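What follows is one structure encoded as structure tokens, with my remarks underneath.
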Amino acid sequence: MEVESPPTTTSLIQAGEYLIVQKIDGEQSRIVRFTPKQKILIEKLKFTSDSAFGKPHGLFEVSNNQCFPMSVDRLIEELQLQEAPVATTLADSEVVLSEIVESSDLRVVIAPSALKLEPEQKRQKLEMDAVLEMKKQGVSGQEVVAKLVEGSASFQTRTVFSQSKYIKRKAKKHSDRYIFLLNLATQISYRVLILRPTIRLLAKAYYLKDPDRLAMLRADQLALILQMAGVHHGKNVLVFEQTLGLITSAVMERLGGKGACVHFHRGAVAQSIPCVHSMNYNESTLSTFLPVRIKCLLTGKQLPYENNRKACNEEEENDDKTKEGKCEENVEDQDLEALARRNDRLDRERRGLEMTFEGNAHALIIGSRTVDPINVLELVYPTLAPSASIVIYSPHQNTLISCYDWLSKRQAINLVLTDQMCRVMQVLPDRTHPLMAQHVAGGHVLSGIKVVDQ
Amino acid sequence: MTLAPTEPSFLTYNDRIQEGDTVIVYVTYGQMVPTVVKRGQTLMMKYGALRHEFIIGKKWGQRLSATAGYVYILRPSSDLWTRSLPRRTQILYTADCAQILSLLDAKPGSVICESGTGSGSLSHAIALTVAPNGHLYTHDIDETRTSKVLEEFKTHGLSSVTTAVVRNVCTSGFHVENDADGVFLDVPAPWEAIPFAAKSISRKRGGRLVSFSPCLEQVQRACLAMSAAGFISIETIELVPEQKKIVNQHRQTLEEFEEIGDAYPKERKRNAEGEVKEDSRVSTAIVFPYSQPTHTGYLTHATLLPVLE
């Protein structure tokens, strides 16, 4: 079994564990295997893996390249301070505005859009350093804004409305409140979550990072696939997927150590399934993983393994004889281990093939990216048990339409084609609305049930 | 925990149907009748009468003849149950149930609290997911609903993984404290239940909270309450599924259209010898039905981290 058995999940972070790392105020979600002496990097924040070992999963504060467990209460306080209603410095800005309106001569105003499109810095004579100097000297926000208005080349040519907007903007930016928020935001940017992976977190991380290799499989559609296939403890599920092992991993989790997840793969060994490795599954959960080589599926029976591994002693025979003794020992150990793994693999494969061809599977899930699902159906559908659920996911609708045609001629009922929209909302007081832009790519799901007419 | 082979259950998988099993009788698309198989009883539906005795001993997924047609007898599953269960309230459909399970990080062994129980659609989905060593505690303020769902759990062999109680979680909290891995709320005022939810979640393991609210005003108040109760990573999503239908469309040429208009004949054209002339029919998907649900509720989810010792 090529998937390494990781440390058993306790409530403390251990070396070798896969973990999800997120910044509290960040966008990304990274899946990282924490090995000793590793430097962890998340959106420009750095810390050592060693500082996390032995600590409970959860919230951390990063300083000096190390992470320290932090209480959630403190973070909640900080987040609430950020969201507290902003006392706008309207008073300040109104004073400045009225003074300026009084003193200025009523020139012909030109709309801002008529101004030459020069960057604002060029239009402002007062430089940033000078502003910072003023602040250090305790100059009030009001005075800073007045000076900025003075130094602005375009101010006089703006409409009154535009002038007032300009002043309000500057007042807000240079207020004490703003500086407080800036400091607060900086503080919060050092907060990091180190969490145990869950299917939900994995699905989101991969979808944002690599939707292509995931066949655009969104977390909500993955959830739907599991539900339509009826995956639960004790079920036997056949899975052919090209989604980085995400579907396989999700199925295994829902089986909870009993039943089977028959995973068809190319080559000699199950490959490209990072989502299975990243879950730190224990032996019990992994026991349901039955990898079956596509070669065997295509021929309808189990094939022996080709022995293309060059054994160490074969080379040594022609080389230095003094090394032979030592090498043999290592080789034997290696060979024994490799042999044990291979036997385990063959045993799982045998059981998987039995399940496939002897009508013991209760569900079939296909997550297609490049392979035509009909090819898979041709091999697997005839021996699928009656009343079994079939769920096919594809990023392309016409692929599923062909599958529908194929299945409807072969005693499948309750055939339903759906897709869905899932969008994230921004929920803030007086500012609640769906996000302005987000990842929307997704796929389509075809589901049905096999029956027999005998 | 092992289940006796003859115990009726949504979870055991025998080859053949036994008395006491719940069978989903598939009459036609959109019409399914959940039936608890019992000798001496008869099911009456669109295609006539079907004696239960006739179902016992048959293979799952088989076609059976009734007096006026035929039906299929299917294994019960979460989705089929949701689509065919006797409704007492507005229910959560499969897409929402699926998403809720995912947001709760539900899996075998999870301990989940739910309120309200309603008609038990989600309750069944949760029970099936957390079995055999997890547990569902479901709470409702209505006694009739609770006793109905208790009956159903018993009939379906899910009693050992469920506890259904009459309880107002907004005033009296949940049946368990400091033990849940996840809490689901479908109540009019979730902000009242949220502090109790925080209490029911295991301090050592932490847990997840999912709240379902049709209105944005409810969502806003719920988010504030979650933050105040110590939940982090609070996010609200909306999920809108869309169903399609596959039809065979004949693509007309301009000439055809000129000749016969767009009402193309239902019968296939035949040539002089009476052989069927192939017209170009293409399978395509259209959105159908024309009117579909565009909103059920917003799902707000959040995490309660384990408490630092």
Side-chain angles (χ1 to χ4, degrees), chain A residues 11 24 56-59 69 71-73 75-76 79-80 193 198-200 219-220 222-224 226-228 230 232-235 253-257 362 385-389 397 401-402 404-405 413-425 427 429 432 434 449-454, chain B residues 11-13 26 29 59-63 72-75 77-79 94-95 97-99 101-103 105 107-109 125 128-129 131-133 204-206 216 219-220 223-224 227-228 230 232-246 283-285 298 300 305-306 308-309:
Chain A
S11 47
I24 282 289
H57 302 81
L59 181 65
S71 139
V72 179
D73 295 332
L75 176 69
I76 302 276
L79 291 172
Q80 288 185 333
L193 285 171
T198 65
I199 293 294
R200 170 185 55 92
D220 59 284
L222 171 66
L224 183 67
L226 294 173
Q227 196 67 357
M228 296 307 292
H232 58 66
H233 179 84
K235 285 280 266 271
E253 185 185 61
R254 293 287 180 95
L255 292 179
H362 311 123
S387 199
S389 333
Q397 199 178 67
I401 294 173
S402 310
Y404 175 95
D405 279 342
I413 58 166
N414 208 33
L415 285 166
V416 180
L417 177 66
T418 61
D419 63 27
Q420 57 195 36
M421 178 204 68
C422 181
R423 71 181 173 177
V424 180
M425 310 284 294
V427 179
T432 298
I449 302 176
K450 181 179 172 178
V451 291
V452 282
D453 274 355
Q454 71 189 46
Chain B
L11 289 165
T12 49
Y13 267 56
Y26 184 94
Y29 180 73
K59 272 183 146 173
W60 294 97
Q62 216 179 308
R63 188 173 86 173
Y72 293 98
I73 45 178
L74 304 176
R75 275 193 220 276
S77 70
S78 191
D79 174 54
T94 297
C97 288
Q99 182 67 324
L101 289 172
S102 164
L103 294 173
D105 290 337
K107 53 185 175 285
L128 288 171
T129 304
N133 46 343
K204 184 159 162 250
R205 303 189 304 271
L216 275 175
V219 170
Q220 288 173 317
C223 287
L224 289 172
S227 183
I232 59 164
S233 306
I234 304 168
E235 183 182 81
T236 301
I237 62 174
E238 75 171 314
L239 195 64
V240 186
E242 189 176 83
Q243 198 169 308
K244 311 275 209 287
K245 181 164 109 164
I246 313 250
S283 284
T284 39
Y298 299 99
T300 305
L305 289 176
L308 287 178
E309 293 304 309

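Computed from a predicted structure; not experimentally measured. Numbered from 1 within each chain, the chains take letters A, B, ... in sequence-line order.
Heavy-atom pairs under 4.5 Å with chain A peak, among B/Ile234, B/Leu101, B/Ile73, at B/Leu101. Per-residue heavy-atom pair counts under 4.5 Å with chain B were compared for A/Leu415, A/Asp405, A/Val424, A/Asp453, and the maximum is reached by A/Asp453. Most heavy-atom pairs under 4.5 Å with chain B: of the set A/Asp73, A/Asp419, A/Leu75, A/Thr198, this distinction falls to A/Asp419. Of the listed residues (A/Asp220, A/Asn414, A/Ile24, A/Ile199), the greatest number of heavy-atom pairs within a distance under 4.5 Å of chain B belongs to A/Asn414.
By the side-chain contact (heavy atoms from CB on, under 4.5 Å) test, B/Lys245 pairs with B/Val247, B/Ile286, B/Phe288, sequence neighbours left out.
In this structure, OH on B/Tyr298 lies 7.5 Å from CZ on A/Arg423, to the nearest 0.5 angstrom. Distance check: B/Ile237 CD1 to A/Met421 CE gives 10.0 Å after rounding to the nearest 0.5 Å. In this structure, the separation between CE on A/Met228 and OG on B/Ser78 is 9.5 Å, given to the nearest 0.5 Å. Rounding to the nearest 0.5 angstrom, the gap separating the CD atom in A/Gln227 from the CG atom in B/Leu128 is 8.5 Å.
The heavy-atom pair separating A/Leu193 from B/Ser233 by the smallest distance is CD1-OG, 3.7 Å. Across every non-hydrogen atom of A/Ile401 and B/Ala285, the tightest pair is CD1-N, 3.5 Å. The minimum heavy-atom distance between A/Val427 and B/Cys223, with the atom names listed, is CG1-SG, 3.8 Å. In plain terms, the two heavy atoms of A/Arg254 and B/Ser102 that are nearest each other are NH2-N, 4.1 Å. B/Pro108 and A/Leu255 get closest at one heavy-atom pair: CG-C, 4.1 Å. Taking each heavy atom of A/Gln420 and B/Ala95 in turn, the nearest pair found is OE1-CB, 3.8 Å.
Here the side chains of B/Val219 and A/Met425 are not in contact, with every heavy-atom distance at 4.5 Å or above. With a 4.5 Å cut-off on side-chain heavy atoms, B/Thr236 and A/Thr432 do not count as touching. Annotation: side chain of B/Pro306 is not in contact with side chain of A/His57 (no heavy-atom distance under 4.5 Å). Between A/Cys422 and B/Gln99 there is a side-chain heavy-atom pair separated by less than 4.5 Å.
Interface remark: B/Leu103 contributes backbone and side-chain atoms alike to the contact with chain A (heavy atom separation under 4.5 Å). Only the side chain of B/Glu235 comes within contact range of chain A, with heavy atoms under 4.5 Å apart. Only the side chain of B/Leu305 comes within less than 4.5 Å of a heavy atom of chain A; its backbone N, CA, C and O stay farther away. The part of A/Gln397 that comes within reach of chain B is its side chain, from C-beta onward, which places non-hydrogen atoms under 4.5 angstrom from that chain. For A/Leu226, no part sits under 4.5 Å from any heavy atom of chain B, backbone or side chain. Of the atoms belonging to B/Leu239, heavy atoms from both backbone and side chain fall under 4.5 Å from chain A.
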Would you please test B/Tyr29 and A/Val416 for side-chain contact (heavy atoms from CB on, under 4.5 Å) and show each step? CA-CA 10 Å; B/Tyr29 180 73; A/Val416 180; 3.6 Å; yes

Let's go through A/Leu59 and B/Ile232 carefully: what are the C-alpha distance in whole Å and the side-chain angles of both, what is the deciding distance for side-chain contact (heavy atoms from CB on, under 4.5 Å) to 0.1 Å, and is it a yes or a no? CA-CA 10 Å; A/Leu59 181 65; B/Ile232 59 164; 5.5 Å; no

Evaluation steps, side chain to side chain donor-acceptor pair (under 3.5 Å), between A/Thr418 and B/Glu242: CA-CA 6 Å; A/Thr418 61; B/Glu242 189 176 83; over 6 Å; no

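The backbone N or O of B/Arg75 sits less than 3.5 Å from a side-chain atom of A/Ser387, completing a donor-acceptor pair.
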